[in-house]
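To start, the structure itself, in structure tokens.
Start at 1 and go down the list; that is how both ligands and their atoms are numbered. The chain is numbered in sequence order, starting from 1.
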Amino acid sequence: MDPVMFLFVLLQRLIQYPPPVGDGLDEETHWRMEARAKYLEWEMLRLEQKVEQLSQKKMQHLQLLAVAVLLALVLVLWIIGWKSSPRRKENEEENHGANEEEVGNVAGNEDDSDGNDVVNEAAFAENNDNDVENVVQEDNNFDDHVGQDIMERIQWPAQDLQRGCGWVTDLMDNYTFYFAHVLLDSFYPVLHRAIGVGSAFEGWSPREQDVVYRVLIPMTPPRGHSFHLELDSARQRHVRNFRVRVQLECTCTGQQLGENMLCFLHNPEEELRSNQEPSLLDTLCTDSYLDVQKTARWFRQLVKAIWPAFPQSHNWHLTLLPSARSCQFNVTTNGEESFRIEMLFGVRRGDSAVFVSSQPREAYTLSTIWRESYAVAEAEFFKYIARQAPPDSLHLKCLQFFSCLVQGLSFSTYTMKTIVMHLLSAMPASSWRRGHLRERLTDIRDSLHICLQQKFLEHFIVGNRTFPQDINLPPDVKMGRTYNLFRHLAQRPAAHTQAMQDYRLLHKRFKRIALGEDN
Ligand SMILES: *[C@@H]1O[C@H](CO)[C@@H](O)[C@H](O)[C@H]1NC(C)=O
Ligand SMILES: *[C@@H]1O[C@H](CO)[C@@H](O)[C@H](O)[C@H]1NC(C)=O
Ligand SMILES: *[C@@H]1O[C@H](CO)[C@@H](O)[C@H](O)[C@H]1NC(C)=O
Ligand SMILES: [Zn+2]
């Protein structure tokens, strides 16, 4: 096995077998120990091969000697690697208390038992086997900062992410229950069960501390009201913005709801004012359009007001985070575990998987503008893929890998997600099995390159006539004009130049980390 192959296999194994957590050692230490163990395992294999060659020459005496020397060499390499590893030092500085003890013990024992022999053997080894240099060099590559960072991010076990999603779903269900009670007699929008969207719920959020659990809460009109989505075509033609017009409906005849609600249209105003809560038009609307910011403010008040009703509220801690168009907060549980949650809200387009939602894509968006959102359709697409995927499918790890790799470059994670979604639907599920990792990573990189050269990356959903039938899209989304995510590259040469420069950087990082080549 050549060194490049080795690094690659290591990458695969780390992806495949995330280290167990929770038995006292931190993940970093676990990972490092496992990496070291794999490294030695490989080194032993290599040495065994050499030994085999020697034994073929039937030089039994020499063979024994060689085994002894080579075994010593393994120890030398272990210790040289261990001591010179910058990661080790970093780690010791970073880790305090229990972790530091663990690390200290492992290194300490080695020094005690083998310290003296090592020096002599090292001199011998360096003279006689220039492999040492290669190996140390390899070790340096291996310690490469970016590579390490990425490995840390993608090794996070998928089970933790799933558990987090489950917990957040529970919390949201608890909220839904209270929303229904609190809003029962009001004329605020009816809030439905939250739908998990975004990288966490799709299964590829790269790192524990960065995870934002994002949910979309569908809203429907309250009694005596109706919603009408109006495409706002006046501004930019390529983005699909909507406004939600709120209309009052006559309730004179339809008293089927049982309670004596006054009709907003036909009862005298004084009677309405003194006997009935105000209509939605008077609370969350601006010029009879549902206002995103007013809705967000109302939402935050609601979330905060309901919190103390939860039995866990005195042990757990809720922190609302500033946000004009959504409701973001942190919940810290008694175990110091922290979840960052973003609640978006939206109105479903018909019975489709497309919503108009409060999430803006640009910094400045009018408060009555609701952007068409494909987040639910995309999350459904990932579920659809998961149903077909073999258990060892690595498509999510590929996406994690690239979402880390593009950090600091001008490519968004949404760009990478779009490319992966295109590839996922173009290839059979079996081509994402563990053994094809290297090819798939290369495919993703090459797709990005081609799209950049052509300044063209098709939106995965808008204008896609062959989108899976299981996922319901409104006809105008399905049959509409396709949307080029790279249109800014076609329009602005400077942006294209920058993107090509960034691609070269990405290519370099990719070679070093995914293929283990040094330039
Ligand atoms: C949801 O409510 C149930 C019942 O009160 C409770 O046992 C559970 O811990 C709650 N879950 C979350 C995440 O709030
Ligand atoms: C929210 O939690 C994240 C970790 O989940 C943490 O990094 C962040 O500082 C927290 N923010 C606040 C305002 O507590
Ligand atoms: C449309 O969706 C299909 C099926 O998921 C996929 O194969 C194809 O790449 C998509 N096409 C476009 C133009 O986005
Ligand atoms: Zn009426």
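No hydrogens or angles considered: a donor-acceptor pair under 3.5 Å links the side chains of Asp291 and Thr286. His459 and Tyr414 share a side-chain donor-acceptor pair at under 3.5 Å. Between the side chains of Glu277 and Tyr188, no donor-acceptor pair is found at a separation under 3.5 Å.
Counting only non-hydrogen atoms, the option in Val168, Asp170, Asn174 that gets closest to atom 2 (O) of ligand 1 is Asn174. One option in Thr482, Asn464, Leu423 has a heavy atom closer to atom 10 (C) of ligand 3 than any other, and that option is Asn464.
Looking at Phe310 against ligand 1, nothing comes within 4.0 Å, counting heavy atoms. Contact annotation: for Arg465 versus ligand 3, there are no heavy atoms closer than 4.0 Å. Of the heavy atoms in Phe339, none comes closer than 4.0 Å to ligand 1.
The single protein non-hydrogen atom nearest to atom 5 (O) of ligand 1 is Pro311 CG, 4.0 Å, given as residue, atom name and distance. Residue, atom and distance of the protein heavy atom nearest to atom 14 (O) of ligand 3 are His422 CE1, 2.9 Å. Scanning the protein for heavy atoms near atom 8 (C) of ligand 1, the closest one is Gln312 NE2, 3.3 Å. Of the protein's non-hydrogen atoms, Ser425 OG, 3.0 Å is the one closest to atom 6 (C) of ligand 3.
The aromatic rings of Phe382 and His395 lie parallel to each other, with less than 30° between the two planes, well short of the 60° mark. Taking the six-membered ring where the residue is Trp, Phe201 and Tyr213 present perpendicular rings, their angle passing 60° and hence far from 30°.
Side chains of Gln276 and Asn267 form no contact here, defined as non-hydrogen atoms less than 4.5 Å apart. Leu320 has its side chain out of reach of Trp307: every pair of non-hydrogen atoms, C-beta onward, lies at least 4.5 Å apart. Taking the side chain as every heavy atom from C-beta outward, Phe401 and Phe510 approach each other to under 4.5 Å.
Ligand 3 places these atoms under 4.0 Å from at least one heavy atom of Pro468: 4 (C), 5 (O). Close approach of ligand 3 to Thr466 is summarised as follows: ligand atoms under 4.0 Å from at least one heavy atom of the residue are 1 (C), 2 (O), 3 (C), 4 (C). Of all atoms in ligand 3, listed by their number and element, those nearer than 4.0 Å to a heavy atom of His459 are 14 (O). Within ligand 3, counting atoms from 1 as listed, the ones closer than 4.0 Å to a heavy atom of Glu458 are 12 (C), 13 (C). The ligand atoms of ligand 3 that sit less than 4.0 angstrom from a heavy atom of Phe467 are 2 (O).
The shell of residues lying under 4.0 angstrom from ligand 1, judged by heavy atoms, excludes Phe177.
The SG atom of Cys250 and the SG atom of Cys263 meet at the Zn ion (ligand 4) at an angle of about 120°, given to 10°.
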Checklist line | Worked verdict on Glu249 versus Ser226 for side chain to side chain donor-acceptor pair (under 3.5 Å) | finding: CA-CA 7 Å; Glu249 299 290 332; Ser226 60; 2.6 Å; yes
Notebook entry, point to check: What's the verdict on ring-ring contact (aromatic ring centres under 6.0 Å, His included) for Phe460 and Tyr374, showing C-alpha distance, side-chain angles and the deciding distance?
Noted result: CA-CA 10 Å; Phe460 186 63; Tyr374 315 102; over 10 Å; no
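Shortest distance from the Zn ion (ligand 4) to His266 is reached at ND1 (N/O/S atoms only).
Ring pair Phe411/Tyr503: centre-to-centre distance not below 6.0 Å.
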